[in-house]
Amino acid sequence: MHELSLVASVFDILEEKAREHGAARVVRVVLKVGVMAGVVPDLLESAFDIYKKGTLAEGARLEVVVVPVRTRCPDCDGEAVREDADFSCAACGSRRIEIVEGRELIVERIELET
Amino acid sequence: MSTKTISVVRDLLATNKQAAAAIRQELRSRGILCVNLLSSPGSGKTTLLESLSGRFKDRYRMAVIEGDIETERDAERIRAKGIPAWQITTGGACHLEAKMVGKVLGEVPAAIDFLFIENVGNLVCPASYDLGEEIRCVLLSSPEGDDKPAKYPQAFLSADCLILTKSDLFPHLPFDPAKAAAEALAIKPGLRVFTVSALRGEGMDALAAYFVEALARLRSAGA
Ligand SMILES: Nc1nc2c(ncn2[C@@H]2O[C@H](COP(=O)(O)OP(=O)(O)OP(=O)(O)O)[C@@H](O)[C@H]2O)c(=O)[nH]1
Ligand SMILES: [Mg+2]
Ligand SMILES: [Zn+2]
Ligand SMILES: [Zn+2]
């Protein structure tokens, strides 16, 4: 579990953006987290709440948008959302599947108070 | 006082990805094949490296970076085989990151063939962190059970090679190597699968040959 160190990287970005926009406070943070990103959204939220004390995001709300695994099949161009560990193409059975989404760990947008 | 929403779209792993790309480029230019070993604690990573050091002796030069939460023990085991080894103790962190590897890279002798990185024993977190390796191997030992690929898909999805270890224990355990391999291949088609007993040496020649072939490919691509 490395949620705390990921939250530290979130705060590096928050500080940089607040400075860039001359903002005193961050009030909302939206993270996109793939279900296969290897982190637990609840733990990210807890880590964020611990970390934010005494920072410019003290009163900020964290929103985690969970991104399901979406695959694309290079053989038939079919796209599908996956709920299990079976990565074969539901349409044509091909096993050369590409993961399009579901592994991301992204600070999508933030709301600043200026 | 007013609020405004700004679009950021910044990858939290970007810093690690950049550091990994720099390591990969440097090792390629030096003609060194880097292998990252991932597994649960105790699957046999260090024993595998000890056994490989015997196979490579007098033919190929290897070096090892050991990642552990605490202690120099694994690096000492490797050094006892006459192999240069660096221990990274993460002090609690559950995985190695590229910048940790980058810090010791300068000390790694230029004239080696293989750089093995033994990641922290953990089948979850290390999967998310590229270390600049050419080959990522996941080890699954027979006592862990053959149902692990579907339970820990990220590790298997990110791997190039699956090594089923402790094959000498197969007769004593309800472990079906064919089932473990099939489950892993359903997640990652094209995964190379090896079955070894590092303790007895079984299967080690084929694995060593796989690394030697990959080294030759790396060098012919860089030449
Ligand atoms: N029977 C048998 N035991 C093995 C084999 N390989 C390793 N072991 C044993 O498994 C235990 C763990 O092996 P290690 O090589 O230390 O495992 P590791 O993955 O490096 O462990 P960590 O670094 O702690 O994650 C030791 O007691 C080894 O002797 C094998 O091929 N057969
Ligand atoms: Mg070890
Ligand atoms: Zn972790
Ligand atoms: Zn298809």
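Per chain, numbering begins at 1; letters A, B, ... match sequence-line order.
- For a heavy-atom cut-off of 4.5 Å, chain B lies close to no residue in residues 46-68 of chain A.
- Your options are B:Asp11, B:Leu13, B:Ile6, B:Val9, and the one with the most heavy-atom pairs under 4.5 Å with chain A is B:Ile6.
- Between A:Ile13 and B:Leu12 the shortest heavy-atom distance is CD1-CD2, 3.9 Å.
- Annotation: side chain of B:Arg10 is in contact with side chain of A:Glu16 (closest heavy-atom distance under 4.5 Å).
- When atom types are taken as modelled, the side chain of A:Arg95 and the backbone of B:Leu185 share a donor-acceptor pair closer than 3.5 angstrom.
- Using a 4.5 Å cut-off between heavy atoms, A:Arg25 does not touch chain B at all.
- With a 4.5 angstrom heavy-atom cutoff, A:Ala37 touches chain B only via backbone atoms.
- A heavy-atom distance below 4.5 Å is found between the side chains of B:Leu157 and A:Ile99.
- Taken from NE2 in A:His2 to OG1 in B:Thr90, the straight-line distance is 12.5 Å, to the nearest 0.5 Å.
- The minimum heavy-atom distance linking B:Thr3 with A:Glu111 is given by the pair OG1-OE2, 3.8 Å.
- Of all heavy-atom pairs between B:Gln154 and A:Val35, the closest is NE2-O, 4.4 Å.
- The candidate with the highest count of non-hydrogen atom pairs below 4.5 Å against chain B, out of A:Leu31, A:Ile110, A:Asp12, is A:Ile110.
- For B:Ser128, the part sitting under 4.5 Å from any heavy atom of chain A is the side chain, from C-beta outward, and nothing else.
- Neither the backbone nor the side chain of A:Glu20 comes within less than 4.5 Å of any heavy atom in chain B.
- Between B:Val8 and A:Val29 there is no side-chain heavy-atom pair separated by less than 4.5 Å.
- Contacts of A:Glu104 with chain B are absent, with no heavy-atom separation under 4.5 Å from either backbone or side chain.
- Minimum heavy-atom separation, B:Ser7 to A:Arg109: CA-CB, 4.0 Å.
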